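Quick notes on the structure that follows.
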Amino acid sequence: MIVAILGTILLHENVDHETGEVTRIGNLPFIFGAILIGTIVGYIAAMRVKMTAMPQMVSMFNGMGGACAALIAMVEMNTHHPQEFGHRFIIFLSLMIGTVSFAGSMVAFGKLEGKIKDYGSKVQQITNNTIVFAILGLIIGVSLIPAWGDFFIWIVFAASLIYGILFVLPIGGADMPVVISLLNSFTGIAAALGGFLYDNQVMLTGGILVGSAGTILTVLMCKAMNRSLWNVISGAFSATGPSSKSMEGMSISEISVTDTAIMCAYAQRIVIVPGYGLAVAQAQHTCHEFEKALEAKGVEVNFAIHPVAGRMPGHMNVLLAEADVPYEKLKEMDEINPQLPNTDVVIVIGANDVVNPAAETDPSSPIYGMPIIKANTAKNIIVMKRSMAKGYAGIENELFYDKKTRMLFGDAKVTLEKLIAELRNV
Amino acid sequence: MIFLSDIQGFLTSLDIWDICYILLLAVFLGIEVISNVPAILHTPLMSGANAIHGVVIIGSIIVMGHSSPDNYLALTLGFLAVVLGTLNVVGGFVVTNRMLQMFKKKK
């Protein structure tokens, strides 16, 4: 990357086709100043961010890249006023994609920070589609008519900004990984368009690489949730009505910390299912302590990682790796599911939808068909949760009402600390 | 059909076949890379890809370097573009590196 940047600064020549004049890169003080600012700010931000806030950070940096692509398009249009259709089309397209990526990433960032709530309706879906086609139509129109000048840059920019916001707003928090990955590939495509513009192979290759990789990653994630990309984008998840099944009249049973400790100490096999709650409570280190305390009692402990647990693919893996949990103990869903019937206790820490049996049994459930960790097949289930609040999918979880399930309410970190203390006394 | 000839002229000026080859290779490479990485490493992978598309910074340098010193709008926007592009590159790589460090076997 450094080579590419230096090479561009030192070697790039702009040949004027009419006069044959060769101009080199100018404004060097500004460029170096900007790079310096960006480096310092970027480095500090990246070093200070907590591991649990990683998805937000990636989304933020992605938005910066998108904004960069959009700004390039604006400046290019403003300074060179190109006349050919192809040239103008690429510039405007890059402006649109870059802006959408920027606006979308900012909304995704806000949502992951918990500052922006989900909002969606059926009408909005139609509005969104209308806006996309309107922008595309406008772009083609502007590209065809060279007389339409700078003013339209701002119109396309504003429209794309609005679309970017409306596009991410209705998408539920659980789908954020997919959205971030998708926006990531958008920015890649915007970068590739820049490569087209300047006939620059590095930008082209890098951009397309990210574009294709991001798209495949997005599709893989959708598969893990058994939903189509379209289904995710249209925000159909949050738009579906309340689940048909009501849990009224069914009761849950609670368990005390002491009883949990005793139950765990005398178990042979324990599987821990972590979820977003673990990340929120910053409990990954305590969780590792808990695992070690159990192993000291001779219990075999494994972690079951659902592919979409958390807010990014592999989010849980990153957290647990940070806490030094050995790589071999992190089992993927398909590997752990057959072992669950022989497991004495499954401890669900802050996970919800990924263990919801409704995905297998209730065809009317919005998550029906999503592969889950079959926690309900284990001999005993302990669910650690802060409250009976629903998961991100906003649906009831039958698992909590299962006869084998005991609820252990409280903050994951605090509860785990108490458990560790109790375990030492058993 | 003025526009068609315009497109044609634009495309031939780019050595279209070279670009097509590069495009195809990059697409295949991207698909291969992703499908061979386990889900466990998808977060660092996404973050890495995020850092890679920071190559837009090259575009911003070119655009800034060739704008005339008295066009303040272009200079301001270009400056902002370089700052944001650098943020993307540096932040992306540092974050990815931090994550990968944790996956290394501890001694």
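Below, chain A is the first sequence line, B the second, and so on; all start at residue 1. This is a predicted model, so every value here is computed, not measured.
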Side chains of A/N62 and B/H53, donor plus acceptor under 3.5 Å:
yes
Do A/E322 and A/H285 have side chains that get closer than 4.5 Å, going by heavy atoms?
yes
Please output the side-chain donor-acceptor pairs of residues 213-220 of chain A that fall under 3.5 Å, not counting sequence neighbours, one pair per line with the distance.
| residue | atom | partner | partner atom | Å |
| --- | --- | --- | --- | --- |
| A/T215 | OG1 | A/G211 | O | 2.6 |
| A/T218 | OG1 | A/S181 | OG | 3.0 |
| A/T218 | OG1 | A/G214 | O | 2.5 |

Residue A/M47 versus chain B: region with a heavy atom under 4.5 Å:
both
With chain B as the partner, which of A/G42, A/C68, A/G194 has the greatest number of non-hydrogen pairs under 4.5 Å?
A/C68
Is A/M203 close to chain B through its backbone or its side chain, or both, or neither, when contacts mean heavy atoms under 4.5 Å?
both
Can you tell me which of A/I37, A/L193, A/I208, A/I44 forms the most heavy-atom pairs within a distance under 4.5 Å of chain B?
A/I208
Atom group of B/L75 that falls short of 4.5 Å from chain A, counting heavy atoms
side chain
Got a sec, which residues hit side chain to side chain donor-acceptor pair (under 3.5 Å) with A/S101, two or more places apart in sequence or on another chain?
A/T187
Note: vs chain B, highest number of non-hydrogen pairs under 4.5 angstrom among A/V49, A/I305, A/I189 is A/V49
In terms of heavy-atom contacts, A/S105 and A/L183 come closest through N-CD1, 3.5 Å
